[in-house]
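Read through the structure below, which is laid out as structure tokens, and then see the notes.
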Amino acid sequence: LGVVMPKPLVRMVKLNGLQYNANRDPQAYRRAAGEAFRLEALLEGAGEAQCTVSDEGGGVLAQASVARPGRFSCSLKFDRPGSRLVTLRVRAGQSEYTQTLRLDTLAPAH
């Protein structure tokens, strides 16, 4: 008898159209102040998933219910330059997926 492993909740996380990789040069993901970051999570499995993006203080920046398999997508925009950590959380039944992403916002070029 083999053990059936459940499918992962999230197949891939993309930031600004690129697969998110914490080891990639952060320049690939940077945006100027006022420009939107595009965050996507490609969801696996079946049923409904609750997707939330929150800031370091726990404030909710985006949330949605997504039918799986499916795609959660949101835009995040920051008016001031700086580095921020945001947490993507996907819940479905007893399963939960969490990933923290670093978003760097640069001062706009003059």
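As a basis for the values below, the full set of heavy atoms in this structure was taken, side chains included, without hydrogen atoms, waters or symmetry mates.
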#### Entry: Phe72/Val90 under side chain to side chain contact (heavy atoms under 4.5 Å, CB included): CA gap, chis, key distance, verdict
CA-CA 9 Å; Phe72 168 72; Val90 179; over 6 Å; no
### Working for side chain to side chain contact (heavy atoms under 4.5 Å, CB included), residues Arg31 and Leu106
CA-CA 6 Å; Arg31 290 289 182 254; Leu106 306 172; over 6 Å; no
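- The stretch residues 74-86 participates, sequence neighbours left out, in these side chain to side chain donor-acceptor pair (under 3.5 Å) pairs: Ser83-Arg102, Ser83-Asp104, Arg84-Thr105.
- The two residues Tyr20 and Tyr29 make their nearest non-hydrogen contact at CA-OH, 3.4 Å.
- Separation of atoms OG (Ser54) and CG (Leu85) is listed at 10.5 Å; rounding is to 0.5 Å.
- Within the 4.5 Å cutoff, no side-chain heavy atoms of Thr87 are placed close to those of Gln99.
- In summary, of the residues considered (Val53, Leu101, Leu15), a side-chain contact (heavy atoms from CB on, under 4.5 Å) with Leu76 occurs for Val53 alone.
- Going from atom CD of Glu96 over to atom OG1 of Thr98 covers 4.0 Å, rounded to the nearest 0.5 Å.
- Atom CE of Met12 is separated from atom CZ of Arg71 by 9.0 Å, given to the nearest 0.5 angstrom.
- Leu88 pairs with exactly one of Thr100, Val13, Leu61 by the side-chain contact (heavy atoms from CB on, under 4.5 Å) rule, that one being Val13.
- For Thr52, there are no side-chain hydrogen bond (donor to acceptor under 3.5 Å, both in side chains) partners two or more places apart in sequence or in a different chain.
- No side-chain donor from either of Glu40 and Ser73 sits under 3.5 Å from a side-chain acceptor of the other.
- A donor-acceptor pair under 3.5 Å is formed between the side chain of Asp55 and the backbone N or O of Gly58.
- Partners of Tyr97 by ring pair (Phe, Tyr, Trp, His ring centres under 6.0 Å), not counting sequence neighbours: none found.
- Proximity of Pro69 to Leu42: side-chain heavy atoms (C-beta onward) are nowhere separated by under 4.5 Å.
- Separation of atoms CZ (Arg89) and CD (Gln50) is listed at 13.0 Å; rounding is to 0.5 Å.
- With a 4.5 Å cut-off on side-chain heavy atoms, Leu18 and Arg24 count as touching.
- Scanning both residues, Val66 and Cys51, for their nearest heavy atoms gives CG2-SG, 4.0 Å.
- Under a 3.5 Å cut-off, the side chain of Arg68 and the backbone N or O of Glu44 do form a donor-acceptor pair.
- For the pair Asn16 (side chain) and Phe37 (backbone), a donor-acceptor distance under 3.5 Å is absent.
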